[in-house]
Structures are given as structure tokens and as C-alpha cells.
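Please read the structure below before turning to the comments.
Per chain, numbering begins at 1; letters A, B, ... match sequence-line order. Because the structure is predicted, anything quoted here is derived from the model rather than measured.
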Protein chains: 2
Amino acid sequence: MKIIAIKKSVTAQKILDSAEALFAESGYDGVSLRHITRHAGVELALPNYYFGTKLELFKHVIERRSEILNEERMSALTRLENSASIDSIISAFTEPFLRRTISGDIGWQNYSRLVAQIANSARWSREIMSHEFDPVALEFVRRTKICFPSAKDQDVFWGFHFLLGAMTLTFAQTGRIDILSKELCKTTDLVGIYKRMVPFLSAGFSAICEA
Amino acid sequence: MKIIAIKKSVTAQKILDSAEALFAESGYDGVSLRHITRHAGVELALPNYYFGTKLELFKHVIERRSEILNEERMSALTRLENSASIDSIISAFTEPFLRRTISGDIGWQNYSRLVAQIANSARWSREIMSHEFDPVALEFVRRTKICFPSAKDQDVFWGFHFLLGAMTLTFAQTGRIDILSKELCKTTDLVGIYKRMVPFLSAGFSAICEA
DNA sequence: TATATATTTGAACAGTTGTTCAAATATATA
DNA sequence: TATATATTTGAACAACTGTTCAAATATATA
């Protein structure tokens, strides 16, 4: 009987890191197990040993950091006072991801690029996004409803949808806005983005959720 | 010498339609030429005859409708008066895509799902999105600057970035919000989304672009 | 009708894909 | 040290990949 402790195996972590980086760049089907193992410097058979199939490896890549992210988001949301403003609710939801990404940790940067792709993919969104991130999303919605007592539930959900779109494109780090703005705006300037994103989204929520 | 008139060949259009539908579902690498030709009911060698490589076929899929979309958006923007409100500018930019998608045309629905994925992909965004859509995007930015004379260029570009994120996630039609909201919100209800999206984004722009 | 051109067919090519497994090696336990 | 378990190795499998091409067929031109 084999007992695999993925979290403690440096080989397993090397595979996850390489898979994360390559999936973020080229997507699930754009990357082969040989790409991953070559990048990680390990044998081809090892992903199967630790994770089973390629699909299970993919899901492990997602779950490794979603657990951390969900905990941080949830605790930031529950730390809020009952009278919290929409600004602070949006900050609580978006800031944990942002802080991880701007820290310079290349793993988190790859992860956020990967999640952005998944969130906009018909194939993966329901299967992965819903499963991993909906509980925290519902807590965000619950807090926002308290903030706008007269808002209809639909309005709050659509507001969350717009927030999610703006946030995921930001974390996608595509570099398109750099080209469009002739390098006036930098995809990597997450602090500058954040300073504008929270007011932008707060005003948007107020516009559709206030009577 | 072979003279190929792609736009008039029903075979070429069948290939483009099938490629569009399958790429929208599974992405560039998730679809093989055999999937496409089987779906279209044509021989394997025909994509090469009409389009050359798989990559060139992919780009033809994108360009076929981006030409139409760009013309409609550009003419909607230039039809605006000089004193146009941010609401009307956002409408001019987003409405053409919306109208095509809600018309029930399955081809345009597939196309919008595909563009949403490309917009959030590091691999394709610069190569395809910038090339296809930046001229019209710059016209949007130019009109928005007139609307907010005291706004810094950076603020307008970032506003466009948030708009683009919200819009692409909407057109991605992932169905995630349906699950999250327990079917209270429907991804397919583009009219209901639009009614909220324009006010949401207008308020966002005002928040970061007004002094 | 005869000729030229456009299109379609069916097969083949070499390279890559995910997955499997017995054997070899390393590590921990007794 | 001896034994059991965990991990790594290297090769093999059949299926699938994008691309190519000569031959066959259809269509237009003269």
C-alpha cells in the first residue's frame, strides 16, 4: 500500500509548480504531461504516481491555493462590522488575492492568470469555479445585501458578476492595456489598479442597488 | 493556380462555423482538425485547402465577425454627438455585440464565448485582441475623454479595462451566476444584464474620472 | 464538346499524446 | 542489520495530432 503525502513531497510540489506555470500560459489542453515533467525535471510517470490522471493534477493545482484564498477572504469578510460600507466589503473580497499577487510570488501570479482563464471558460467555469469559490461568493453577496437593504437579490448578484469580470481580467495580466495605452497603464501595476477598481465597483454597486 | 473565394464557398463557411462552435467550447488546443471536419461533415484535408494551417483557420474564425463588429461599433460611436453622455458612449460600444448575441444567432453566441476566452488568455490576448479590437477601443477612449475633460488618461484607460472585464465575462456565458444565484439570474438573460451593466459601468467611470 | 481550373478525396507521414507497469532504487521501520 | 514500504526509473502501448499530396472528381471556360 502506498501512502502519498502530497503536501510534504518536494517532487509533488515541483510538479504542481510547473503545471501551474504552464497551464497559466497555455491552458489545460495546450500543455502535455511531458512539458510539465520536463519543466519540473522529473520523470514522466510521476504525475500519475502522485495525482492520478492529468485532469486530477489540474484540479490539485486549483485547489492548492483556493483553500488558502477562501480562508483569507472568508475571515476578512467576517471581520467586517455589520454596518460595513460597500467599499470595505469589496476590499475584503478582493484584497487577499491582490496581496498574494503583488507580493512578487511567481506561483501566485501564475495561479491568478490561470483562474482568470478558467472563470471565462464555458468548459471549466461551472465545474471548477462554482465548486471552489461559490461559498465565499455567497458570503460576499450576503454582506452586500445588508449594505443595500432595499436592493433586489438579482441586482446584487449581477453586481457581483460585473465585479468578478473586472477582477478576473485584472488578474489575467494579459498586457493588452499596456499596448492599448501605449505603456501609460501597466498590467503589472496592481496597486494602481486597485486604487481605481474599488471606487469604480463601489459606485457601480450603488448605482444598481440603491433605490 | 488555385483561386479560393472563402466568403462564397459553402464548404469554407461550414468549416468556419464548426471551428467557431468547437473552439468556443474547448479552446484552440482542445479541438483537433478531425473534430472540426467531422462536425462540419467535410474531409480532413479541406481546412488546409481553404485556410492553410490550423492557426490560420483560428484567425479566420476571429476575423470573420470582428470586421462586422468593428464597423458597427465605430459607426455607433461616430454617430454620437460631441456632448454625448458616458451612458450613451458605453451603449454605443457594447450594444452592437449585445444585439448580435441576443438575436438568437448561434454563430454569434459561439463567437462571443470564444472572444471572452481569448480576452482573458495571456497567450492570445495581445496577439489577437490588440490586433483586432484596439482601433475601436481607442475611439471609445477618445470619446470618453471628451465626456470627462478633467480626467487623467490613465483613469480612462483603467475604466475601459474594467468595462472590458465585465463585458467579456457577460459574453462568456459560463452559467456560473445561474448556479450561484440558484437560477435567480440567467446567463442567457442578456437584456436584463444590459439594463444593469450600463448604469453600473457609467457610475464606475464617473467615480474615477470626475474630479 | 474539349480543355483548363477548382475542389474533393483517401491515404499516408512522422511526431506527440495520456496512461500503464514491472523493475530498480531509496527510505523508513523493527 | 534485515525487512517492509515509498519512490523513482525507463520503456512500452495504442490512439491521436497537424500536415502533405497525388489522384479523382466536379465545375467553369473556350
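- By the 30° and 60° cut-offs, the orientation of the rings of F140(A) relative to F93(A) is tilted.
- The pair R64(A)-E67(A) does not count as a salt bridge, with every side-chain nitrogen at least 4.0 angstrom from each carboxylate oxygen.
- Both the sub-6.0 Å distance and the 45° axial angle are satisfied by K54(B) relative to the ring of Y28(B).
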- Should F205(A) and F200(B) be marked as a ring-ring contact (aromatic ring centres under 6.0 Å, His included) after you check the CA-CA gap, both sets of side-chain angles, and the distance that decides it? CA-CA 7 Å; F205(A) 265 100; F200(B) 186 101; 5.8 Å; yes
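- Atom P of nucleotide dT8(C) and atom NZ of K14(B) are separated by 8 Å, given to the nearest angstrom.
- With hydrogens and angles left out, the side-chain atoms of Q109(A) and R100(A) include no donor and acceptor closer than 3.5 Å.
- Taking atom OH on Y50(A) and atom P on dT20(C), their separation rounds to 18 Å, with Å as the unit.
- Atom-to-atom, CD1 of I15(A) to C1' of dG18(C) comes out at 15 Å; the value is rounded to the nearest Å.
- For DNA chain D, the neighbouring residues in residues 25-40 of chain B, judged by any heavy atom under 4.0 Å, are V31(B), S32(B), L33(B), R34(B), H35(B).
- Atom CD in E43(B) sits roughly 14 Å away from atom C1' in dC21(D) (whole-Å rounding).
- Listed pair N48(B) / dT20(D) meets the phosphate criterion, a side-chain N or O lying under 4.0 Å from OP1 or OP2.
- In this structure, L44(B) and T11(B) both approach DNA chain C, and ranking their closest nucleotides by distance from the 5' end singles out T11(B).
- Under 3.5 Å, the side chains of T53(B) and E56(B) contain a donor-acceptor pair of N or O atoms.
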- Item | Intra- and inter-strand pairs of DNA chain D in dot-bracket (Watson-Crick or G-U wobble, both distances under 3.5 Å; | for another strand) | ||||||||||||||||||||||||||||||
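- For the pair L46(B) CG and dT20(D) P, the computed distance is 15 Å after rounding to whole Å.
- Between F58(B) and F23(B), the two ring planes are perpendicular [angle over 60°; tilted spans 30° to 60°].
- A ring-centre distance under 6.0 Å is not found for Y111(A) and F171(A).
- Distance, K54(B) NZ to dT16(C) P: 15 Å, rounded to whole Å.
- Ion pairing between a basic and an acidic side chain is recognised when a charged N comes within 4.0 Å of a carboxylate O; E95(A) and R73(A) show no such pairing.
- Contact between the side-chain N/O atoms of Y49(B) and the OP1/OP2 oxygens of dT20(D) is not found at any separation under 4.0 Å.
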